[in-house]
Amino acid sequence: MKTIDIQGTARAEFGKKGAKELRKANVIPCVLYGVEKDEKGLPVAKAFKVTTEAVRNLVYTPDIHMVNLTIDGTTVLAILKDIQFHPVKDSIMHMDFYQVTEDKPIVMNVPVKLVGLASGVKAGGKLEQILRTLKVKALYTQMPQKIEVDVTKLIIGKTIKVGDINIEGLQFVNSKEAVVCGVMATRNAKAQKAQDGE
């Protein structure tokens with residue numbers, strides 16, 4: 001998987017007013033949830049901030065990344081867990097990161113790429129992709145850049161579901177019955193089928 005370097009600094013600005021001041025300066029308030037725990041066993045959250053420019057290549061891309069996140073000189077391996085956008089301006093309001101370890105599985109939305117020419121398309125059908133990403137649980141060392149789904153044998157009227165995809169080391173969080181893609185009959189295909197029937 002691709003890796004991206006991001007620099008951040010610890011922040012002391014909290015609450016709505018503090019967050020508003022940061023955003024005015026083109027800075028995004030963030031939180032890193034790590035492997036550290038408090039006395040009650042709850043995850044310890046570290047508040048920090050990054051510039052919009054620093055995260056541009058992480059946010060505005062179809063690719064997924066591991067993040068070498070450096071906060072005031074200390075670097076940890078992390079993933080982007082959640083991001084909030086302004087409902088009108090579409091600017092980034094807040095970002096959550098999660099620290100990654102080698103022995104603990106993570107969950108990420110991995111892009112789906114359809115591979116091959118479906119036989120149903122050759123027969124006049126139309127290939128439709130329903131799910132653009134799949135929620136995958138795996139160790140970060142096994143997390144793929146994308147999930148390739150072979151559609152070569154897919155005929156008109158048939159679909160590929162999440163349960164049909166098996167990749168060693170990966171566990172799909174989506175419902176097994178969720179449809180990833182399918183070949184739908186077009187008017188031309190239906191007309192051709194009717195002619196063949198006659």
- Query: When you look at Val107 and Gln171, which way does the side chain to side chain contact (heavy atoms under 4.5 Å, CB included) test go after all the steps?
  - Reply: CA-CA 9 Å; Val107 177; Gln171 178 185 338; over 6 Å; no
- Message: Quick test of your reading: applying side-chain hydrogen bond (donor to acceptor under 3.5 Å, both in side chains), list the pairs with at least one residue in residues 106-127, sequence neighbours left out, ordered by first then second residue.
- Response: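 Counting only pairs at least two positions apart or across chains, no side-chain hydrogen bond (donor to acceptor under 3.5 Å, both in side chains) contact touches residues 106-127.
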- According to the side-chain hydrogen bond (donor to acceptor under 3.5 Å, both in side chains) rule, which pairs have a member within residues 69-82, sequence neighbours left out?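 Of all non-adjacent pairs touching residues 69-82, those that pass side-chain hydrogen bond (donor to acceptor under 3.5 Å, both in side chains) are Thr70-Thr75.
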Under a 4.5 Å side-chain heavy-atom rule over Ile, Leu, Val, Met, Phe, Trp and Tyr, are [X] and [Y] clustered together?
X      : Y      : value
Val179 : Leu114 : no
Val180 : Leu117 : yes
Ile79  : Val173 : no

- Message: Has Thr186 got a side-chain atom pairing as donor or acceptor with Gly124's backbone, closer than 3.5 angstrom?
- Response: yes
With side chains defined as the heavy atoms from C-beta onward, is the minimum distance between [X] and [Y] less than 4.5 Å?
X      : Y      : value
Ile147 : Phe172 : yes
Cys30  : Lys49  : no
Val151 : Cys181 : yes
Asp103 : Leu139 : no
Met66  : Tyr140 : yes

- Query: Mind checking what makes side chain to side chain contact (heavy atoms under 4.5 Å, CB included) contact with Lys176, not counting sequence neighbours?
  - Reply: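 Scan of Lys176 (side chain to side chain contact (heavy atoms under 4.5 Å, CB included), adjacent residues dropped) gives none.
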- Message: List the residues meeting side chain to side chain contact (heavy atoms under 4.5 Å, CB included) with Pro111, not counting sequence neighbours, and say none if there are none.
- Response: Ile64
How many angstroms lie between [atom1] in [X] and [atom2] in [Y], if you round to the nearest 0.5 Å?
X     : Y      : atom1 : atom2 : answer
Asp5  : Thr3   : CG    : OG1   : 8.0 Å
Gln99 : Lys104 : CD    : NZ    : 10.0 Å
Met93 : Gln84  : CE    : CD    : 7.5 Å
Thr51 : Gln7   : OG1   : CD    : 9.5 Å

What pairs with [X] under side-chain hydrogen bond (donor to acceptor under 3.5 Å, both in side chains), at least two apart in sequence or on another chain?
X      : result
Thr52  : Asn26
Gln145 : none
Asp164 : none

- Message: Can you list everything that forms a salt bridge (Lys or Arg N to Asp or Glu O under 4.0 Å) with Asp63? Sequence neighbours excluded, please.
- Response: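 With sequence neighbours excluded, Asp63 shows a salt bridge (Lys or Arg N to Asp or Glu O under 4.0 Å) to Lys2, given in chain and number order.
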- Residues in salt bridge (Lys or Arg N to Asp or Glu O under 4.0 Å) contact with Arg56, at least two apart in sequence or another chain: Glu53
- Note on the structure: In short, Val31 meets Ala45 closest at the heavy-atom pair CG1-CB, 3.6 Å
- Closest approach of Gly169 to Ala138 (non-hydrogen atoms, all atoms of both residues):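 Closest approach of Gly169 to Ala138, heavy atoms only: O-CB, 3.5 Å.
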Which pairs would a plain distance check flag for residues 127-134, meaning a side-chain donor or acceptor within less than 3.5 Å of a matching protein atom at least two apart in sequence or in another chain?
unit_1, atom_1, unit_2, atom_2, d
Gln129, OE1, Arg132, NH1, 3.2
Gln129, NE2, Val112, O, 3.2
Gln129, NE2, Leu131, O, 3.1

- Would you mind listing every salt bridge (Lys or Arg N to Asp or Glu O under 4.0 Å) that reaches into residues 135-162, with sequence neighbours excluded? Lys161-Glu177
- Message: Could you list the cluster mates of Met95? Members are the ILVMFWY residues connected by side-chain heavy atoms closer than 4.5 Å, either directly or through other members.
- Response: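 So far as hydrophobic clustering goes, Met95 is joined with Ile4, Ile6, Ile28, Leu32, Phe48, Val50, Val55, Leu58, Val59, Tyr60, Val67, Leu69, Ile71, Val76, Leu80, Ile83, Phe85, Ile92, Phe97.
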- Message: side chain to side chain contact (heavy atoms under 4.5 Å, CB included), that's the test. Do Thr61 and Asn57 meet it? Break it down for me.
- Response: CA-CA 6 Å; Thr61 174; Asn57 292 334; over 6 Å; no
- Message: For Glu168 and Leu170: C-alpha separation, side-chain torsions, deciding distance, then whether side chain to side chain contact (heavy atoms under 4.5 Å, CB included) applies.
- Response: CA-CA 6 Å; Glu168 189 177 351; Leu170 305 186; over 6 Å; no
- Message: Between Met108 and Met143, is the side chain to side chain contact (heavy atoms under 4.5 Å, CB included) condition met? List the steps.
- Response: CA-CA 8 Å; Met108 296 187 77; Met143 190 67 71; 4.1 Å; yes
